[in-house]
Amino acid sequence: MKVATWNVNSIRARLTHVLDWLALHRPDVLCLQETKVADAEFPYEPFQSAGYHVTHVGQKAYNGVAAITRAPAANAVTAPAGLDGEQKRALALTVGGVRVVNVYVPNGERVGSDKYELKLKWFAALRRYVSAELERHPLLTVVGDFNVAPEDRDVHDPRLWQNQVLFSAPERAALRTLLDIGLVDVFRRFEQPPGSYTWWDYRQGAFRRNLGLRIDHILCSQPLAGHCRACFVDKTPRGLERPSDHAPVLAEFRFEAG
DNA sequence: ATGGTGGCGCGGCCA
């Protein structure tokens with residue numbers, strides 16, 4: 001089973017990139033963030049033609065999350081408790097026996113701003129929601145754009161980024177609370193190239209210079225993490241014409257028979 | 001340099 005996450009920064013602007021990537025990797029579930037469309041404007045048809053089902057919760061111009069699944073999803077929740085505000089940033093569903101929570105955590109603007117405080121509150125609500133989900137679903141993954149780099153090695157220049165939004169200590173502590181309740185960052189279960197990032201600013205040739213941060217994650221419950229056989233960032237789409245500023249992250253799981 | 005690039009949607013917000 002393959003699970004992927006990708007902040008596409010507009011599904012309409014990135015439709016060809018996403019369809020090409022889907023055809024190449026054939027994930028069982030691809031979670032998207034920043035679709036930037038209301039539900040009625042989502043381009044369902046091309047995904048259905050590719051043999052996929054779409055669960056989407058979005059709004060005009062901002063935010064929006066989707067799960068693209070090979071099998072029909074079960075028990076989809078598009079307004080998770082505590083994460084159900086005007087901003088469409090979370091959904092949950094079950095596919096292939098795995099509970100998948102797809103999140104687009106608020107960016108936080110800058111340390112100390114109102115949006116920063118909202119981001120920390122959002123993390124607290126996410127922790128509460130995931131704790132409840134874990135009790136019902138031992139095989140659970142929380143994926144998406146968390147807008148936080150966990151460690152020094154996830155930032156091209158940790159000294160430059162210390163106390164900055166996306167890497168401040170309170171944000172990292174908030175992300176860590178998800179690990180404290182039992183989730184595992186499966187990316188670090190495997191050997192990775194140094195300088196592995198998932199987001200590069202559009203400005204000043206950041207991608208070409210690999211000035212990035214690892215802020216998109218696949219966090220798994222311990223029972224599910226035990227089945228994880230690979231996890232990697234695919235930088236390829238970030239190098240295409242008119243790319244998203246994020247690259248997709250993909251994890252592969254094996255469930256032995258019997 | 002309080003900049004810079006990009007999406008949405010057509011001025012300014014958001015990232």
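Every chain is numbered from 1 and lettered A, B, ... according to where its sequence line falls, protein lines coming before strand lines. Excluded from the calculations below are hydrogen atoms, water molecules and symmetry mates; all remaining heavy atoms, backbone and side chain alike, are included.
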Check: What integer number of Å spans the P atoms of B/dC10 and B/dG4?
Finding: 23 Å
Note to self: Would you say A/Lys115 places a side-chain N or O within less than 4.0 Å of OP1 or OP2 belonging to B/dC14?
What the structure shows: yes
Next item on the list: Using a strict 4.0 Å threshold on nitrogen-to-oxygen distance, state whether A/Arg172 and A/Asp154 make a salt bridge.
Entry: no
Notebook entry, point to check: Is there a side-chain polar atom (N or O) of A/Arg12 under 4.0 Å from OP1 or OP2 of B/dG9?
Noted result: yes
Notebook entry, point to check: Among B/dG12, B/dG6, B/dA15, which nucleotide sits nearest the side chain of A/Glu34?
Noted result: B/dA15
Next item on the list: Would you indicate which nucleotide in B/dG6, B/dA15, B/dC8 comes nearest to any side-chain atom of A/Tyr202?
Entry: B/dG6
Item checked: Given B/dA15, B/dG9, B/dC8, the nucleotide with the shortest approach to the side chain of A/Asn107 -> B/dA15
Notebook entry, point to check: For DNA chain B, whose closest nucleotide is more 5', that of A/Gly108 or that of A/Arg242?
Noted result: A/Arg242
Margin query: Hydrophobic cluster membership, with links at side-chain heavy-atom distances under 4.5 Å among I/L/V/M/F/W/Y: are A/Val65 and A/Val98 in one?
Written below: yes
Notebook entry, point to check: Nearest nucleotide by nearest heavy atom, which residue falls closer to the 5' end of DNA chain B, A/Asn63 or A/Pro243?
Noted result: A/Pro243
Next item on the list: Report the distance from atom CG of A/Leu15 to atom C1' of B/dG7, rounded to the nearest whole Å.
Entry: 15 Å
Note to self: On the nucleotide B/dG6, are OP1 or OP2 found under 4.0 Å from the side-chain N or O atoms that A/Arg14 carries?
What the structure shows: no
Note to self: Could you tell me how far apart A/Arg208 (CZ) and B/dG4 (C1') are, to the nearest whole angstrom?
What the structure shows: 13 Å
Check: What distance, rounded to whole Å, do you find between the two C1' atoms, one in B/dG11 and one in B/dA1?
Finding: 24 Å
Check: Hey, does A/Tyr104 reach any base, or is it just sugar-phosphate, or nothing, if we go heavy atoms under 4.0 Å?
Finding: sugar-phosphate
Next item on the list: State whether A/Arg203 places a side-chain N or O below 4.0 Å from either non-bridging phosphate oxygen (OP1 or OP2) of B/dA1.
Entry: no
Margin query: Determine whether a donor-acceptor pair (N or O, by modelled atom type, separation under 3.5 Å) exists between the side chain of A/Lys119 and the backbone of A/Asn107.
Written below: yes
Notebook entry, point to check: Base, sugar-phosphate alone, or nothing: which one does A/Arg110 contact when heavy atoms must sit under 4.0 Å apart?
Noted result: nothing
Check: When rounded to the nearest Å, what value does the distance between P atoms of B/dG7 and B/dT2 take?
Finding: 25 Å
Next item on the list: Would you check if there is a donor-acceptor pair between the side chains of A/Thr94 and A/His137 at a distance under 3.5 Å?
Entry: no
Check: Taking CZ from A/Phe167 and P from B/dA15, how many angstroms apart are they, rounded to a whole number?
Finding: 21 Å
Checklist line | Sugar-phosphate, base or nothing in reach of A/Arg89, heavy atoms under 4.0 Å | finding: sugar-phosphate
Notebook entry, point to check: CG of A/Asp114: more than 12 outside heavy atoms within 6.0 angstrom?
Noted result: no
Next item on the list: Could you give the distance separating B/dG3 and B/dC13 at their P atoms, to the nearest angstrom?
Entry: 13 Å
